[in-house]
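Residue numbers begin at 1 in each chain, while the letters A, B, ... track the order of the sequences.
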Amino acid sequence: MPELPEVETMRRGILGIQGSRISAVERAPCRLKPILVRPRIDVLRRRVVGLRVLDVERIGKRVMLRLESGDGIVFEPRMTGLVLVADPPDEEHLRFRLALADGPIRQLWYWDRRGLGSVQLLSPLQLAELFSSGRIGPDALALSAEELRDRFSTSRREIKVALLDQRAIAGIGNLYASEILHVAAVHPGKLCHRITRQEWQTIHAAMIAVLNDAIRYEGSTLGDGTYRNALNRPGEYQKHHRVYDRAHQRCLTCCTAEVKRIVQGQRSTFYCPRCQPGRRSSRHK
DNA sequence: CCCCAGTCCTGCGGGC
DNA sequence: TGCCCGCAGGACTGGG
């Protein structure tokens, strides 16, 4: 499930389209239920064909091609979306194609197995609205320890649940929330307002370290093998996971306790009860 | 403010 | 061997 490191890897993988001119956009022929593309493909085509891509940006878990018109083509991969410049994993889940008239990359695909993602063209006004509406918080990699604490320290939510709130902080998903809290040695069920100043420092440092590490290894490709970088190669960070999806296996940090799986906000959380103490387990199931 | 359940969607794996 | 069901969860919505 593409989170900040995976989406950042996608962004880096398509940087070569900077400066290229868009020559065509189309929905891929696909038997499956069509993904969300906005506006309608013919309207979208009129607004982008012939324009150059000025920049490739990341907005939380989205990748955006900034065009010379100021519009942005925003890819939101959600669970299984991929932005590719070569060899998709298969043909039947291709959803959208963008062709470039010049430059090193002549074709960009959006591929999505489950189809929960989207491709949207947003005007400068719509982009401004996306940020001002409060739907998307500051990027996890651009937030200082003080800002992190300021945003969360009065909340009564559990820290793991709070980290997933994209309005509070953008980019962290289910996988990295568990990994970050493990490195920080903080119990995922700890309530934000009970977290000390020192612990916020530790959480912040762990967040930056884990996310940057994961970017260095080009993200995590889980057992289902879905995630791929822009060249359709898997990430390597799954080899460095300490707790995620390792329930009942020995904790790699203390080499003593077994990793536990609990459910918070209807999502799996993994942690080591020895390395991350501090909550009665009876509060969870 | 925050929580919870439901929705979208496909593929996979467990159970029978 | 095959079918059904539950599960995976990011973002969003509606009700409490």
Side-chain angles (χ1 to χ4, degrees), chain A residues 1-8 10 27-28 30-38 58-64 74-83 88-96 110-120 122 126 129-131 133-137 139-140 150-180 188-194 211 214 219-228 238 241 243-248 261-270 283-285:
Chain A
M1 56 218 100
E3 306 180 24
L4 188 152
E6 290 76 25
V7 178
E8 177 62 19
M10 291 177 192
R27 283 175 168 281
C30 179
R31 311 164 156 278
L32 304 168
K33 173 115 204 264
I35 62 156
L36 175 66
V37 173
R38 274 206 297 232
R58 181 180 56 77
I59 305 170
K61 301 179 193 171
R62 296 161 219 217
V63 190
M64 178 173 79
V74 178
F75 298 89
E76 189 180 355
R78 297 263 182 121
M79 296 299 294
T80 53
L82 299 177
V83 176
D90 62 48
E91 300 279 317
E92 66 257 37
H93 298 97
L94 286 174
R95 311 290 187 152
F96 184 89
Y110 180 72
W111 181 98
D112 195 336
R113 180 153 54 72
R114 285 167 64 181
L116 296 176
S118 63
V119 181
Q120 299 192 60
L122 299 186
Q126 290 172 308
E129 213 172 59
L130 179 63
F131 292 103
S133 65
R135 280 167 55 211
I136 218 157
D139 195 81
D150 287 348
R151 293 187 84 81
F152 289 101
S153 61
T154 61
S155 166
R156 303 190 160 268
R157 302 154 94 182
E158 296 174 324
I159 177 64
K160 155 66 161 50
V161 174
L163 286 176
L164 295 181
D165 184 352
Q166 303 300 299
R167 293 166 302 186
I169 184 170
I172 298 173
N174 202 48
L175 191 164
Y176 292 102
S178 283
E179 291 296 317
I180 288 165
K190 189 149 189 171
L191 302 181
C192 287
H193 74 285
R194 298 227 186 101
L211 293 177
S220 302
T221 298
L222 301 178
D224 69 356
T226 298
Y227 170 70
R228 292 287 200 272
Q238 66 281 1
H241 290 176
V243 288
Y244 187 79
D245 210 12
R246 297 195 62 251
H248 313 305
R261 187 187 93 99
I262 58 174
V263 174
Q264 295 177 281
Q266 296 139 256
R267 284 165 203 172
S268 298
T269 301
F270 300 88
R283 286 290 302 260
H284 307 288
K285 277 196 296 296

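Within 4.0 Å (heavy atoms only), A/Phe152 reaches no atom of the nucleic acid at all. Here A/Arg156 lies out of heavy-atom contact (under 4.0 Å) with every strand. Using a 4.0 Å heavy-atom distance criterion, A/Leu32 is classed as a sugar-phosphate-only contact. Across all strands, A/Gln166 comes closer than 4.0 Å only to sugar-phosphate atoms, never to a base (heavy-atom distances). If you check every strand for non-hydrogen atoms under 4.0 Å, A/Met1 touches sugar and phosphate atoms only.
The separation between A/Trp111 atom CH2 and B/dG11 atom C1' is 10 Å, rounded to whole Å. Atom-to-atom, CD of A/Gln120 to C1' of C/dG10 comes out at 14 Å; the value is rounded to the nearest Å. The distance between atom CG of A/Asp112 and atom P of B/dC8, rounded to the nearest whole Å, is 16 Å. A/Leu116 places its CG atom 13 Å from the P atom of C/dC12, with the value rounded to the nearest Å. In this structure, A/Leu94 places its CG atom 15 Å from C1' of B/dT10, rounding to the nearest Å. One atom, CD of A/Glu158, and another, C1' of B/dC1, lie 16 Å apart when rounded to the nearest Å. One interatomic measurement links the two molecules: CD of A/Glu6 to C1' of C/dG10, which rounds to 13 Å at whole-angstrom precision. At whole-Å resolution of the value, CG in A/Leu222 and C1' in C/dC7 are 15 Å apart.
Closest approach of A/Leu222 to A/Tyr244, counting heavy atoms only: CD1-CE2, 3.9 Å. Heavy-atom minimum distance, A/Leu94 versus A/Pro88: CD2-CB, 3.6 Å. A/Arg78 and A/Pro2 make their closest contact through O-CD, 3.2 Å (heavy atoms, listed as atom of the first residue, atom of the second, distance). Between A/Pro188 and A/Ile262, the shortest heavy-atom distance links the atoms CG-CD1, 4.3 Å. Of all non-hydrogen atoms in A/Ala170 and A/Ile136, the two that sit nearest each other are CB-CG1, 4.1 Å. What you find for A/Glu158 and A/Gln264 is that their closest heavy atoms are OE1-NE2, 3.0 Å.
Side-chain contact of A/Glu3 with A/Tyr227: a donor-acceptor pair under 3.5 Å is absent, judged by distance alone.
OP1 and OP2 of B/dC1 both lie 4.0 Å or more from every side-chain N or O belonging to A/Ser155. Of the side-chain N and O atoms in A/Arg135, one or more sit less than 4.0 angstrom from OP1 or OP2 of C/dC12. The shortest distance between the side-chain N/O atoms of A/Arg78 and the OP1/OP2 oxygens of B/dC8 is not below 4.0 Å. For C/dA11, neither phosphate oxygen OP1 nor OP2 lies less than 4.0 angstrom from any side-chain nitrogen or oxygen of A/Arg267.
Closest to the side chain of A/Met79, out of C/dG10, B/dC2, C/dC12, is C/dG10. Nearest nucleotide to the side chain of A/Glu76, out of B/dT10, B/dC3, C/dA11: C/dA11. If you check B/dA5, C/dG10, C/dA8 against the side chain of A/Gln266, the one that comes closest is B/dA5. Picking from C/dA8, B/dG11, C/dA11 the nucleotide with the shortest atom distance to the side chain of A/Ser268 gives C/dA8.
Paired regions of DNA chain B, where each region holds three or more successive Watson-Crick or G-U pairs whose two hydrogen-bonding distances fall under 3.5 Å, are B:2-16 with C:2-16.
Judged by closest nucleotide on DNA chain B, A/Gly265 is the one of A/Arg113 and A/Gly265 placed further toward the 5' end. For A/Asp165 and A/Asp224, each mapped to the nucleotide of DNA chain B holding its nearest heavy atom, the one lying further toward the 5' end belongs to A/Asp165.
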Stepwise side chain to side chain contact (heavy atoms under 4.5 Å, CB included) test for A/Asp165 and A/Arg157: CA-CA 11 Å; A/Asp165 184 352; A/Arg157 302 154 94 182; 3.0 Å; yes
